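What follows is one structure encoded as structure tokens, with my remarks underneath.
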Amino acid sequence: MVVKELHGPHVARAQEGHEVIDWSDPVPRCESVRVRSHTCECLVTVYELCAAGGLVHIRRTVRASGGNRVSESPWLRAAEGNRLWESLLAGGAR
């Protein structure tokens, strides 16, 4: 039996002067989106690095008793999207 590792990295605290991500409501742009990486499921807010149609974006899910709130970063070319993902993980973007 293969056991998948479900524990992703924890996001560092936001640094002073961090980049502000322009979060917006999700828009169905592609039939399928692949999650390439994700943060730890133990926190209320979970981030996923998603890829579709040659672009990447970050999906943010905030879980609450009243339901989940999902938002997305802008869709970016891979190099820029991966840089934003790394910055988010390091606390340089929110």
Side-chain angles (χ1 to χ4, degrees):
M1 177 163 83
V2 177
V3 177
K4 285 180 112 178
E5 178 63 50
L6 298 178
H7 188 318
H10 284 220
V11 176
R13 287 181 180 238
Q15 299 171 5
E16 187 173 332
H18 65 271
E19 176 182 359
V20 177
I21 298 173
D22 182 21
W23 299 106
S24 60
D25 291 334
V27 176
R29 299 173 195 209
C30 296
E31 284 189 33
S32 65
V33 173
R34 184 178 65 228
V35 176
R36 297 182 60 203
S37 187
H38 64 85
T39 60
C40 185
E41 292 280 338
C42 72
L43 301 174
V44 173
T45 302
V46 177
Y47 298 94
E48 299 169 307
L49 177 63
C50 302
L55 299 173
V56 299
H57 67 283
I58 300 170
R59 180 185 302 142
R60 176 179 67 179
T61 303
V62 180
R63 298 178 287 200
S65 59
N68 295 344
R69 170 84 169 112
V70 179
S71 52
E72 294 180 347
S73 73
W75 289 49
L76 305 165
R77 290 185 171 153
E80 189 177 353
N82 291 329
R83 180 210 55 82
L84 183 60
W85 176 251
E86 293 298 324
S87 184
L88 173 87
L89 293 178
R94 275 302 177 281

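Not measured: the values here are computed from a predicted model.
- Scanning all heavy atoms of the two residues, the minimum distance from Arg63 to Glu41 falls at NH2-O, 2.6 Å.
- In Arg36, the CZ atom is not crowded: 12 or fewer heavy atoms of neighbouring residues, nucleotides or ligands sit closer than 6.0 Å.
- For Arg59, the side chain to side chain donor-acceptor pair (under 3.5 Å) test picks out Glu48, with sequence neighbours left out.
- Hydrophobic cluster membership differs between Leu55 and Ile58, with clusters built from Ile, Leu, Val, Met, Phe, Trp and Tyr side chains linked at under 4.5 angstrom.
- In this structure, Leu88 CG and His18 NE2 are separated by 10.0 Å, a value rounded to the nearest 0.5 Å.
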Taking it one step at a time, do Leu49 and Leu84 satisfy side-chain contact (heavy atoms from CB on, under 4.5 Å)? CA-CA 10 Å; Leu49 177 63; Leu84 183 60; over 6 Å; no
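- Atoms NE2 and CH2, on His57 and Trp85 in that order, are 11.0 Å from each other to the nearest 0.5 Å.
- Remark: Ser87 OG to Glu80 CD distance equals 11.5 Å, nearest 0.5 Å.
- Remark: His38 NE2 to Cys50 SG distance equals 11.0 Å, nearest 0.5 Å.
- Nearest heavy-atom pair across Arg94 and Arg13 is NH2-C, 3.7 Å.
- Scanning both residues, Thr39 and Leu89, for their nearest heavy atoms gives CG2-CD2, 3.8 Å.
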Taking only distance into account, with no hydrogens and no angle test, what donor-acceptor pairs under 3.5 Å do side-chain atoms of residues 21-35 form with protein atoms, sequence neighbours excluded?
{"residue": "Asp25", "atom": "OD1", "partner": "Arg69", "partner atom": "NH1", "Å": "2.9"}
{"residue": "Asp25", "atom": "OD1", "partner": "Arg69", "partner atom": "NH2", "Å": "3.3"}

